[in-house]
Structure formats: structure tokens, C-alpha cells
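Please read the structure below before turning to the comments.
Note that the structure is a prediction, hence the values are computed from the model and not measured. Lettering of chains follows the sequences in order, A, B, ..., and the numbering in each one begins at 1.
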Amino acid sequence: MRNVSFIATLAVFALTLAGCNNNPYPAGESTSNVLYRTLSDDPKSLDPSVTYTVDEAQVTDLIYPSYFQYHYLKRDPFVLQLNLGAKEPVREPYVFTDKHGKTVKGERYTFTIKQGLRFQDDPVFPGGKGRAITANDFIYSFKRIADPGVHSPVASFFEDKVVGWKEYAAEFEKKGKAHYDASLPGVQADPRDPYTFRVLLNQPYPQLRFLMAMHFTTPIPREAVEKYGEQFALQHPVGSGPYLMSEYRPKQRIVLIANPNRHPEFYPTEGQPGDREAGLLRDAGKQLPLAQKVVFNINKEAVTSWNLFQQGYLDAAGVGNTNYQQVIAKAGMLTEEMKRKGVQLKRDVQANIYYIAFNMKDPVVGGYTPEKRKLRQAISLAIDSQAFIDLFSQGIGRQAESIIPPGVFGYEPEYKNPYRRYDPDLTRAKQLLAEAGYPNGADKKTGQRLILNFDNSATTPAGRQLVGLVTKQIERLGVKVESRSTRSNVFQDKVNKGQFQFIRYGWFADYPDPENFVFLLYGPNKRPGPNASGYDNPEYNKLFVKMRALEDGPERLAVLRQMRAIAVEDVPWVYINHDEDLSLHYDWLLNVKSHPIANDTTKYRAVDVEKRAQMQRAWNRPNYLPLIAIAGLLVVGAIPAVSVVRQRQNRRVRRADAPEAAAAADSNNNGKASH
Amino acid sequence: MLRYVLRRILYAVPILVGVALLTFVLFYASASPQSLARRNLSTRNPTQEQIQQWLKDHGYDKPLSVQFKNHVTGLLVFRFGKSDATGEPIWNRIKQGAGPSGLVASLVFLTGLTAAISFAVAVAYFRGTYVDYFGTFLCVLLMSIVFIVYVIGLQYLLGKILKYGPIAGFQTGIAAWKFVLLPVVIGVLAGLGSETRLFRTFLLDEINQDYVRTARAKGVGERAVLLRHVLKNALIPIITSTVAAIPALILGSLVLENFFGIPGLGSYLIDAINSQDFAVVRAMVYLGSILYIVGLILTDIAYALVDPRVRLE
């Protein structure tokens with residue numbers, strides 16, 4: 001009877017399984033025009049004035065558009081085109097006398113936005129209908145950036161440039177939220193035209209255009225921020241983009257649907273050479289967004305996302321430690337298995353740089369004398385970028401020659417940095433080290449071995465590996481490297497206070513202008529600003545100010561080359577590498593071209609719904625054979641046992657005393673065995 | 001019994017105050033509010049003013065004694081406030097996550113317990129035969145595998161290869177069953193080996209008692225002896241051992257939830273610790289202690305229910 005109920009249980013179990021499929025989405029959803037993407041965690045914030053990570057921007061930038069946006073297809077250089085803006089802003093010189101009576105030569109930008117723009121429908125607006133957007137909604141977002149209570153990460157871009165910004169920001173302390181009614185002197189509405197506003201600057205600042213392409217300068221409805229309070233950041237965004245958020249379930253999914261109030265926007269009709277052949281102009285001229293719905297699955301484990309992708313339930317996936325072996329065969333090509341499934345591989349250089357920064361104020365490694373420069377040049381020559389790329393990025397990445405990454409104006413692929421030519425024998429490096437006063441790594445005067453301190457926050461295994469690699473490479477010069485690992489906030493504190501000799505750091509572009517990279521070595525940006533090494537070369541600084549105000553062109557390139565030459569000789573940094581990203585997508589996901597800066601590219605993506613549904617069905621037929629086999633084995637295996645016990649019981653009926661003793665002996669043994 | 005339960009609840013108050021004190025002291029011993037602010041501001045290089053503003057916004061600028069008072073009183077009346085990292089009300093997240101978490105954890109607990117007891121009874125019934133030996137071997141095998149291997153391996157096998165259920169995701173209502181199927185099967189399998197072996201020992205300890213001999217002497221069949229007499233008496237040690245497993249149950253579902261994308265509370269505490277979100281840490285530690293205390297009280301009640309000799313006074 002026991003095995004009968006056992007078989008019954010198994011049968012019920014098998015039936016439950018049979019009635020089930022492994023599609024993780026609500027019934028019918030995956031056969032509609034929807035894109036499936038993944039996030040590795042819940043966003044911390046979707047507030048456009050606050051959020052600063054790429055993952056969050058993938059969502060935010062679809063809800064909050066700005067004055068400009070990046071052309072989806074054009075590269076080298078990246079092209080800004082109008083989005084909410086009606087026309088190119090007018091740039092005029094703006095000369096005024098500041099409170100110290102000094103004449104300031106600044107700049108005035110006049111922005112004019114499109115008419116007829118509306119926010120998404122939301123109960124906060126009269127009748128629940130999205131209100132018309134005016135210049136005031138743009139000005140409000142500038143005020144939010146200035147408000148210290150909002151904690152906007154880009155306030156520093158504006159505070160030293162926009163007229164009256166610092167004074168305005170300081171008054172929030174006293175007046176609180178009511179201060180939003182006061183006017184920000186440097187960002188003003190046009191009293192005659194509700195669609196025009198002006199930004200007044202105390203210096204020429206062409207990069208303002210790029211800031212006007214970031215979600216920080218999107219129009220924000222003040223009534224929504226005030227009504228929803230902290231809910232505005234995550235649960236209740238109110239924007240004007242191609243999509244609006246229709247559902248957010250923490251740890252589960254974020255769902256965006258096409259915003260009925262979005263302004264008309266169309267897929268680009270021209271691209272770069274090769275784009276047409278690659279099928280990227282298939283949807284030219286069609287209204288955006290192409291997919292009516294975007295689902296972001298929140299999966300904390302990379303293994304989970306990877307398994308879902310393999311079953312066809314995600315349209316795209318990244319390549320990392322989890323799946324590298326399965327995806328990439330030798331020479332960076334896709335494996336046969338992936339090709340068979342119709343997977344496509346994309347390889348893109350990122351607009352970022354990893355580097356070692358020397359503390360230029362340090363008595364040993366800092367300073368600008370020829371000896372000090374030679375010491376740093378020697379160290380620079382001892383560092384093998386390829387080893388970093390091989391160890392930490394599976395050999396995928398690009399060696400950095402200077403501060404500007406590929407894709408950004410001023411990057412020259414043919415340029416070779418003389419102090420980044422790694423030679424395994426270190427001949428030149430050792431010679432420079434000797435000239436610096438440390439022959440074979442020992443101080444010429446005292447004969448003592450030179451000791452360098454490497455500050456880091458390496459607490460993970462990968463971090464310790466990195467420390468090991470840096471140490472090993474530099475120690476080949478004969479010097480000694482001591483690693484000083486601390487927790488990350490202590491490390492950050494040491495960096496800000498300049499208490500280090502050298503550190504490893506990285507920088508990711510905010511916008512694709514060389515200014516966003518070369519400013520990391522501009523003297524006045526020294527700690528706690530972004531110039532961590534505290535490099536301060538008057539000639540470089542002068543060139544920087546000149547370069548900043550120039551438009552892209554031969555003149556600007558010439559200045560950038562001069563700056564590069566200075567920094568390369570001074571070696572405040574050892575340039576290590578630029579990331580290269582690998583990503584996968586199925587061939588049913590269309591119009592895929594990655595953009596290293598723009599985060600709203602999802603609106604251009606389309607999906608071949610039929611093909612996806614067909615593949616999902618084909619790849620996801622459950623296989624019950626093993627289950628049935630195991631069940632069968634258990635049943636067959638149990639039959640003799642049942643007969644044994646039956647015999648035992650039957651025996652008991654015939655002779656009452658003997659089996660008792662046997663059973664007792666049995667259990668004694670078992671009792672002992674299990675203790 | 002009611003008086004006993006009330007007394008136990010009152011005893012819990014000083015314990016909970018102690019827990020609150022300990023979290024507070026440990027937190028200040030391990031992290032400064034400054035570093036907390038730096039961790040939670042999205043700026044790359046926050047200025048001193050931004051840090052001060054953050055501290056003010058989150059109440060970390062007040063004197064320590066005031067902070068402690070707010071900390072303890074807030075916890076005692078379940079006023080958890082907002083997350084330091086996201087500003088989201090903590091109760092909201094707990095309300096959203098408790099359902100899915102509770103579903104998986106309770107299913108794993110109940111199914112696991114039932115399965116382990118049934119197997120233990122079966123193995124005890126077939127004791128001395130090859131079923132017993134093979135069962136013991138299987139149990140040792142199951143015990144020897146690390147939990148994370150169960151999760152990754154079985155998710156791959158049952159989800160990816162055999163496609164018995166969705167690999168990740170969740171839906172509320174009836175549709176939830178297909179999403180919890182694989183995690184529950186895995187959770188049960190992972191605990192089955194050690195529990196079966198343990199329970200089998202409890203059963204065999206009882207089988208040698210005099211009352212069993214008496215029952216057999218009266219002519220009671222082996223099956224009835226096991227189910228009616230032995231199992232009932234073995235329940236006391238079984239209950240004791242399962243309560244000891246409650247913390248492991250909560251931690252276990254953390255891994256299950258992360259891998260199967262179940263929107264529960266499992267990773268809420270760990271994430272909060274990683275991002276130094278003290279507001280969430282103190283709320284979750286406090287709730288955890290309450291759950292544990294409730295578990296202990298329930299155990300005592302269960303003792304009284306299964307064993308007429310135990311009286312709660």
C-alpha cells in the first residue's frame with residue numbers, strides 16, 4: 001500500500017509538471033511587441049537629478065528626455081541632435097561686472113524648446129492629463145541640481161560657471177523648499193516667450209551642450225515632485241519621454257510602456273558607411289519607440305540571467321566570468337553553439353580609462369625636476385598593460401597611450417606614448433631609473449632600496465590579484481612596493497587628503513568631449529576635486545583653458561596634442577587601458593548598435609516577435625524521461641524490500657518470540673551506527 | 001498556558017532592547033556616519049557640505065544619546081522610518097517582500113519536514129534491509145553537498161536542461177506555484193539528507209523502549225507500532241531540532257531567492273549591510289530577533305501539545 005501511495009504522489013507530481021511551462025512571463029506577454037532586458041539589482045533612484053549609474057540611466061533616460069540627444073548611428077565624432085529643443089541654442093558673449101568690480105567675459109546661451117510638448121498623464125495634473133511643458137520645467141530642474149538637499153552629483157559642473165549659482169544654492173539652507181519660488185540668477189525665463197530660457201555663464205563653456213543631453217537637465221514637473229516626495233525617485237516617476245513606467249516590483253521587474261503623450265520622434269534615415277548593409281536602416285523614418293513595452297527583469301545572479309538568455313527569455317546578455325568559456329572561442333570569436341542559436345556578438349570600446357596616478361606632491365614620486373620625471377617614466381615603462389587586460393578582462397580591451405579614449409575627439413590611433421612601450425627586459429626603464437638616482441632600485445646616496453607605497457582598497461580576491469600584479473611589475477625594477485589596503489571609505493579619505501604615493505583609478509566619460517578627460521589633470525581641479533594626482537603644470541593649465549573654449553577642429557586638435565606631449569613627459573599618470581565591452585543578442589533583436597554614451601538606445605530597438613516565439617517554443621520542451629526513469633527505479637528497487645518485511649511480519653505470526661529478538665538486535669546495531 | 005505565553009512575551013522585551021543596544025553599538029564601532037554618507041551619496045567626490053546635509057537629512061547629526069533614544073523607541077513601536085540608501089519607507093519593502101519570502105520559506109519548511117519524517121519512518125520500517133543501507137548511503141551523499149551547489153546545479157539541471165519550471169521570476173496569486181516549484185524542490189532536497197538521518201536516529205532510540213515491546217507483545221503490527229507509538233514519542237526531539245534550524249531557513253532562502261529571482265526579503269538585509277544602510281539593518285535585525293523569539297514560544301506550545309507530561313506554567 002505504501003508503494004501505491006508513493007506512485008500516486010509521483011503521478012500527481014508528474015501531472016503538475018506536465019501542466020506547466022517554464023515561461024517566466026505573464027501569459028501571452030512574450031508573444032507581443034516587448035523587449036526583455038535585465039538589471040543586476042534594484043535601482044537606488046530613478047530621480048533624473050540624482051541617478052548617476054549606467055544601469056539606472058538605462059531606465060531613467062527612457063522616461064526623461066533632454067534638450068539634446070545623441071544621434072543613434074553616427075560616430076567619430078558623436079553627433080548631438082535636437083530632442084526637446086526646437087533649435088540650436090544661441091551663444092553670445094556676456095560681459096558683466098562682478099561684485100568685486102571686475103569685468104567678467106562670460107557667455108549667454110539662449111535655449112528654445114519645442115511647443116506642444118506634454119508630460120505623461122498622471123493624477124497630479126488637472127484632469128489626469130499631462131500638462132504642457134514650458135521653459136519653467138527646465139529651469140526647475142536646474143534649481144533642483146542646485147538644491148543641496150537633492151544631492152545631485154553634477155552640481156559641481158555648474159556651481160563655478162553659472163552666474164549666481166553658489167549664492168542661490170546657499171540660501172536653501174535658510175529658506176527650505178520655498179526657495180524654489182526665488183529665481184536663480186544664472187538661469188532665467190524669457191518674460192515674453194514661455195518656451196525660451198537663458199543660461200548666463202561667467203566663462204565660455206561649450207560643453208554646456210553635452211550637459212543639455214544628460215537626464216539631469218530634463219524638464220521636471222514640480223507638482224509631481226512635491227506631491228510624491230520620496231516616491232518620485234523610485235515608485236512614481238513622472239516624465240515626458242518615449243516610455244513611461246507602468247509597473248515597478250522591487251527585486252522582480254520594471255515595466256515601461258510607450259508614452260501616449262510623447263513628442264513625435266523618428267528613426268534616423270542616415271547612418272555611417274556600413275550601417276545600411278548591417279540592416280541598421282531597416283526602420284528608417286519610423287516613429288519611435290519601435291517596441292511598445294520594455295521589461296527589465298531584476299536578476300541579482302549573473303548565472304540566472306545567463307540561463308534565462310539561453311532559453312530565449314532575454315533578448316540580450318552581457319559577457320562575463322559566468323559565461324565567457326561558453327560564448328567565446330579562441331581569437332575572440334563566438335563558439336559554434338552560440339552561432340547555431342543565432343546569437344550575435346558585439347565588441348565595443350568604452351569611453352573610459354584606467355590608470356595609475358602618482359601623488360605629485362609626494363617628496364619621493366612627485367615633483368617636476370628631471371630626476372623625478374625620470375623615476376615616474378621608469379615606472380611607466382615597467383607596467384605592461386596587456387597583462388592587466390589578460391588577467392582582468394580575458395584579453396579584451398585596448399592599451400591606453402594617452403588620457404583620451406577611442407571615439408572621443410583628440411584620440412589618435414597612430415599615436416604611441418614613448419613611456420608606454422613595454423619591453424620585457426626593461427632596458428630603457430632601468431636606465432631611466434639609474435638616471436633618476438636609483439641604479440638597480442637602490443638610492444645612489446644611501447644605497448638603500450627604494451620603497452614605494454601602493455594605496456588601495458583591495459579587499460576582494462580580484463582586487464588583491466590586481467595589487468599583486470602592480471607590485472610584481474614595478475618590483476622588477478629592483479624597488480620594493482608595499483601595498484597599503486584599507487576599506488574603501490578610508491582609502492577615499494586618504495586620496496582626498498593626498499596621503500598616498502600612487503593609486504589605481506578609473507574614469508568614465510560623462511560626455512564625449514576631450515574636456516571631460518583632460519580636466520582630470522587641470523591644476524585647479526586638484527583634490528578633493530577630480531584631479532586626484534594633484535598635477536599642476538601652468539603651461540598645461542593655460543592650454544586647457546584655451547582648449548575648453550574651442551570648437552572641434554584642427555586648432556583644438558593642435559592644442560590637445562600640445563597638452564598630451566606635456567603630460568606624457570611629466571607622467572602624472574601611467575595610462576593602463578580602455579575597456580572593451582562584449583555583448584550578446586539574438587538575431588530576433590533588431591537595430592542593435594551600441595553607443596558608449598547614450599543610454600536611451602532601447603527606443604530604437606525592434607523585435608521579430610514571431611521568430612522569438614518560435615525559438616522559445618522549440619527550446620523549451622520539458623524532458624520528463626529522467627523523472628519517470630528515477631521513479632521507475634525507486635519502485636522496482638522497493639519491491640524486494642517490501643517482500644522482506646512482509647516475510648518478517650508473517651514470521652512473527654507463526655513464532656512470536658524469535659523475530660522480536662532479531663528486531664531488537666537490529667535496532668541496537670542501527671542505533672549505534674547512527675550515533 | 002495563556003499566562004505562560006504572556007510571560008514569555010514580557011520576557012522578550014528586555015531581550016529586544018538588548019538587541020537594539022547591540023546593533024547600535026556594533027554599528028558605531030564599525031562605521032562612522034561620515035562614511036555612511038559617502039557611501040550613500042551618488043556623487044563621486046562628495047563635498048563636506050553635501051555630507052553634512054546628508055547627515056542632517058538622516059538624523060545622524062544629533063547627539064549620540066538622542067540618536068540612541070530615537071533608535072530604541074522607533075524599533076519598539078515598529079516605526080522603522082526610511083532607508084538610508086533609497087529613502088524608501090522600510091515597511092513598504094517589508095510588506096512587499098514578506099509574502100513571497102514567507103511562501104518559499106514555509107513551503108520548504110513544511111514539505112521538508114514532512115518528507116524527512118516520512119523517509120525516516122520508511123527507513124526505520126525497513127531497518128536492517130538493503131533499503132536502510134542504501135537510504136543511509138543516500139542521506140550521507142545528500143549531506144555532503146554544499147547548499148550553493150544544490151542551487152546552481154539543480155537550477156541548471158531541472159530548470160535549464162529539463163525545463164520543469166521557470167528559472168527566475170515571480171507572479172502573485174495562483175500563478176506563483178510554478179515559480180516556487182523549483183526553489184522548493186531544491187530547498188527540500190538540500191535539507192533532506194541530514195534531517196532524515198537525524199530523525200531516523202530519534203525513531204530508533206524509541207524503538208527499543210519498553211512500551212514498544214509491550215505494544216508488540218499485545219500483537220500490534222509493525223506499521224502501527226511505528227506510526228502510533230514510536231513516531232509520537234520521537235516528535236519531541238524532532239521539534240527541538242527543527243527550531244534550531246529556523247535561522248538557517250531564513251539564510252537559506254536568501255540564496256534561493258537571489259538565484260530564482262523571487263522578490264523576497266532574503267537579500268534585503270545583506271544588501272543593506274553591503275551598502276551600509278543602517279536604517280534597514282536595524283529594522284531587519286530587530287524583526288529577525290522577534291521571529292526567533294516567536295519561534296521559541298511556538299516550540300514550547302508544540303511540546304505541550306505533543307507531550308501530555310509537559311505543562312506550560
## Note on the structure
In terms of heavy-atom pairs under 4.5 Å with chain B, the winner among A:Thr53, A:Val303, A:Asn23 is A:Asn23
### Query
Where does B:Ala175 contact chain A at under 4.5 Å (heavy atoms): side chain, backbone, both or neither?
neither
### Task
Would you indicate whether B:Phe134, at its atom CZ, is surrounded by more than 12 heavy atoms from other residues, nucleotides or ligands within a distance under 6.0 Å?
no
#### Entry: Atom group of B:Phe170 that falls short of 4.5 Å from chain A, counting heavy atoms
both
### Task
Under 4.5 Å, counting heavy-atom pairs only, tell me which of A:Pro26, A:Ser45, A:Pro43, A:Ala302 racks up the most with chain B.
A:Pro26
### Message
Just so I know, are the side chains of A:Arg249 and B:Gln96 near enough to count as touching, which here means a heavy-atom distance under 4.5 Å?
### Response
no
### Query
Salt-bridged, A:Lys44 to B:Glu88, with N to O below 4.0 Å?
no
### Query
In terms of heavy-atom pairs under 4.5 Å with chain B, which of A:Pro250, A:Ala155, A:Pro148 leads?
A:Pro250
### Query
Out of curiosity, B:Leu162 CG to A:Arg621 CZ, how far, rounded to the nearest 0.5 Å?
15.5 Å
### Task
Select one option (side chain, backbone, both, neither) describing which atoms of A:Asp42 are under 4.5 Å from chain B's heavy atoms.
side chain
### Summary
Ranked by heavy-atom pairs below 4.5 Å to chain B, first place among A:Glu301, A:Gln235, A:Glu173 goes to A:Glu301
#### Entry: Any B:Asn92 side-chain heavy atom under 4.5 Å of A:Gln231 side chain
yes
### Task
Would you check if the side chain of A:Tyr25 reaches a backbone N or O of B:Gly169 as a donor-acceptor pair within less than 3.5 Å?
no
### Query
B:Tyr60: what forms a ring-ring contact (aromatic ring centres under 6.0 Å, His included) with it, not counting sequence neighbours?
B:Trp54
### Query
Taking atom NZ of B:Lys82 as the centre, does the number of heavy atoms from other residues, nucleotides or ligands within less than 6.0 Å exceed 12?
no
### Task
With rounding to the nearest 0.5 Å, note down the distance linking OG1 in A:Thr304 to OH in B:Tyr156.
14.0 Å
### Message
Does any backbone or side-chain atom of B:Phe179 lie under 4.5 Å from a heavy atom of chain A? Answer side chain, backbone, both or neither.
### Response
side chain
### Task
Let me know if A:Asn299 has heavy atoms under 4.5 Å from chain B in its side chain, its backbone, both or neither.
side chain
### Message
Nearest 0.5 angstrom please: B:Lys163 NZ to A:Tyr624 OH, how far?
### Response
11.5 Å
### Message
If you count heavy atoms of other groups shown closer than 6.0 angstrom to OH of B:Tyr211, is the number above 12?
### Response
yes
## Note on the structure
Taken to the nearest 0.5 Å, the spacing of B:Tyr268 OH from A:Lys251 NZ works out to 8.5 Å
### Query
What are the two closest non-hydrogen atoms of B:Tyr164 and A:Leu627, and how far apart are they?
OH-CB, 3.5 Å
### Sub-4.5 Å side-chain heavy-atom contact between B:Ile167 and A:Gln311
yes
### Task
Under 4.5 Å heavy-atom distance to chain A, tell me which part of B:Pro100 shows up: side chain, backbone, both or neither.
neither
### Per-residue contact mode, A:Arg253 against chain B (heavy atom under 4.5 angstrom)
neither
### Query
Is there a donor in the side chain of B:Lys178 and an acceptor in the side chain of A:Asn22, or the other way round, less than 3.5 Å apart?
no
